[in-house]
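Single-structure report; data block below.
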Number of protein chains: 2
Amino acid sequence: MLTKKTKYAIKALILLGKNVDKAPLHISEIAAQEKIPEKYLGAILGELRNGGLIYSKKGAGGGYLLSKKPENISLVQILRLTDGPIAMVSCASLNYYHKCDECQDEVTCGIKSTFIFIRDACLQILSQKSIADLIAREDELRQVELLASGL
Amino acid sequence: MLTKKTKYAIKALILLGKNVDKAPLHISEIAAQEKIPEKYLGAILGELRNGGLIYSKKGAGGGYLLSKKPENISLVQILRLTDGPIAMVSCASLNYYHKCDECQDEVTCGIKSTFIFIRDACLQILSQKSIADLIAREDELRQVELLASGL
DNA sequence: TTATAGTTTATTAAATCCATAGAATTTATA
DNA sequence: TATAAATTCTATGGATTTAATAAACTATAA
């Protein structure tokens, strides 16, 4: 399961994605709109900034902006920053690898090998979906709802 | 990431899968072989038994046996028992569904919709892989190692 | 009927997650 | 250049979950 932190991160990024080419969004606007505790959101946005996904501008009129196009921010990138590894076991992780304590022989471990396969499949799915896709999907669903109510 | 509990469960099931058609495996044998704390393993095997994956026999000469064929025990079944939901957000879960606290409109939520898609993809992968596959993979890797060392 | 082996319940220890507070720093602009 | 607006950093505390242990209890094969 995703942590709340990651959910908050995704929601904030979606809001920022809808705000492209406008003035920076202030942290309090994001917090209010998405009902995220403001201070906590500050910490999360800090991590996203360190990870290069967003850009922050200090001072009066400052706030946050995406530092890439919404279509170039994939779920993998977000999850890796705020949620950690994609793999289900550490020995199968690309970015957070470490050997399992109890492991007797990594080379012949069927579990490791199988979970590397699973990891690759997950990576494929998660790298396909971007912030732009999430925004587009929301728009689609709203259209559907409108059409349905208009019958 | 999988919990240790789930890793232990998978390892125990693999051992039991190699033991089909033999006398029941005693808990202490499983614990020793896989380096799992015996008491903790007892609790885990209890859950697997309640979930219908294994069968336990009391009394002298008792122990644990698989209650299905290794090829009919998939990773999904195991994960659901010891790790909980497969979905990454609760609102996208089939077996552990509950609405997100902060959700304002589930019907038009792009996150929910996208994570249902991701859940289905994960389910597909996890239901393909069985205990029998894990055992077979281990055998394969051992063969490869043997061949390599024989050069 | 007794030793064997699993089951249940409670408790503790450690780790992780969620959130807040307050001081420090940076920057626009008056 | 002073100052108010805004982000950033550090540290801390509570809540929840995970991991593990202990002890008492129950069922059963020999």
Side-chain angles (χ1 to χ4, degrees), chain A residues 1-12 16 23-32 34-65 67 79 81-85 88-90 96 98 100-102, chain B residues 1-12 16 23-32 34-51 53-67 79 81-85 88-90 96 98 100-102:
Chain A
M1 287 257 145
L2 300 184
T3 58
K4 282 198 179 183
K5 189 199 242 182
T6 300
K7 268 207 245 179
Y8 291 159
I10 294 173
K11 291 191 173 184
L16 291 170
L25 270 186
H26 181 236
I27 201 170
S28 65
E29 296 177 85
I30 303 174
E34 299 298 340
K35 295 184 183 166
I36 302 171
E38 193 170 323
K39 282 287 188 180
Y40 193 39
L41 179 58
I44 296 167
L45 292 176
E47 289 187 38
L48 296 179
R49 195 186 56 87
N50 291 337
L53 300 187
I54 63 178
Y55 166 88
S56 70
K57 205 181 161 190
K58 290 188 174 183
Y64 292 91
L65 292 168
S67 57
L79 295 208
L81 280 179
T82 61
D83 226 53
M88 292 183 173
V89 289
S90 59
Y96 294 82
H98 75 90
C100 300
D101 306 328
E102 350 78 57
Chain B
M1 286 258 143
L2 300 184
T3 57
K4 282 198 179 185
K5 189 200 244 182
T6 300
K7 268 208 246 178
Y8 290 160
I10 294 174
K11 291 190 173 187
L16 290 170
L25 268 186
H26 182 235
I27 203 171
S28 64
E29 296 177 85
I30 303 174
E34 299 298 340
K35 294 185 185 168
I36 304 170
E38 192 170 323
K39 285 286 185 180
Y40 193 39
L41 178 59
I44 297 168
L45 293 176
E47 286 187 41
L48 296 178
R49 195 185 56 87
N50 291 336
L53 299 188
I54 62 178
Y55 167 88
S56 70
K57 204 179 162 193
K58 289 188 176 182
Y64 292 91
L65 292 168
L66 291 189
S67 58
L79 295 207
L81 280 179
T82 60
D83 226 53
M88 291 184 174
V89 289
S90 59
Y96 294 82
H98 76 90
C100 300
D101 307 329
E102 350 78 57

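The structure presented is a predicted model; accordingly, all values stated were derived computationally and were not measured.
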Task: Distance-minimising heavy-atom pair for B:Pro24 and B:Leu65 - done: CA-CD2, 3.6 Å
Open item on the list: Under 4.0 Å, counting only non-hydrogen atoms across every strand here, what does B:Leu45 touch: a base, just sugar-phosphate, or nothing?
Closed with: nothing
Task: Integer-rounded Å distance: D:dT18 P and B:Ile44 CD1 - done: 12 Å
- [ ] Check the distance between D:dT17's C1' and A:Met1's CE and give it to me in whole angstrom.
- [x] 14 Å
TODO: Have a look at A:Lys39 and say if it touches a base, only the backbone sugar-phosphate, or nothing, with a 4.0 Å heavy-atom cut-off.
DONE: base
Open item on the list: Measuring to OP1 and OP2 of C:dT7, would you say a side-chain N or O of B:Ser56 lies under 4.0 angstrom away?
Closed with: yes
Task: From C:dC18, C:dG6, C:dA19, nucleotide with atom closest to A:Pro37 side chain - done: C:dA19
TODO: Starting from P on D:dA20, measure out to CD on B:Glu34 and report it in whole angstrom.
DONE: 15 Å
Open item on the list: What is the separation between atom NZ on A:Lys57 and atom P on C:dA28, rounded to the nearest whole Å?
Closed with: 6 Å
TODO: Consider the side chain of B:Arg49, meaning its heavy atoms from C-beta on, and name the nucleotide among C:dT7, D:dT7, C:dC18 that approaches it most closely.
DONE: C:dT7
Task: N/O (side chain, A:Tyr8) to phosphate O (OP1/OP2, C:dC17) under 4.0 Å - done: no
- [ ] Calculate the interatomic distance between B:Lys4 atom NZ and D:dA20 atom P; express it in whole Å.
- [x] 5 Å
TODO: Give a yes or no on whether the backbone of B:Tyr64 and the side-chain of B:Ser56 come within a donor-acceptor separation of less than 3.5 Å.
DONE: no
TODO: Starting at atom CD of B:Glu47, determine the distance to atom P of C:dT8, rounded to an integer number of angstrom.
DONE: 11 Å
- [ ] Please state how far atom NZ in B:Lys5 lies from atom P in D:dA20, giving the value in whole angstrom units.
- [x] 11 Å
TODO: Would you mind reading off the distance between A:Tyr64 atom OH and C:dT27 atom P, rounded to a whole angstrom?
DONE: 13 Å
TODO: Might you point out which heavy atoms bring B:Ser67 and B:Ile54 nearest each other, and give the distance in Å?
DONE: OG-N, 3.4 Å
Open item on the list: Looking at A:His26, I'd like to know whether one of its side-chain N or O atoms comes within less than 4.0 Å of OP1 or OP2 on D:dA5.
Closed with: no
- [ ] Grab the two heavy atoms, one from B:Thr82 and one from B:Lys5, that are nearest each other, plus how far apart they are.
- [x] O-CD, 3.7 Å
Open item on the list: If we ignore hydrogens and angles and just use 3.5 Å, is the side chain of B:Glu34 paired with the main-chain N or O of B:Ala31 as donor and acceptor?
Closed with: no
Open item on the list: Nearest heavy atom decides the nucleotide; on that basis, is B:Gly61 or B:Asp83 closer to the 5' end of DNA chain D?
Closed with: B:Asp83
Open item on the list: Using the side-chain heavy atoms of B:Tyr40, tell me which of these nucleotides is nearest: D:dA20, C:dT25, D:dA27.
Closed with: D:dA20
TODO: Please work out if B:Gly63 contacts a base, only the sugar-phosphate, or nothing of the nucleic acid, heavy-atom cut-off 4.0 Å.
DONE: sugar-phosphate
- [ ] Quick one: label B:Tyr55 by what it contacts on the DNA or RNA (base, sugar-phosphate, nothing), any heavy atom closer than 4.0 Å.
- [x] nothing
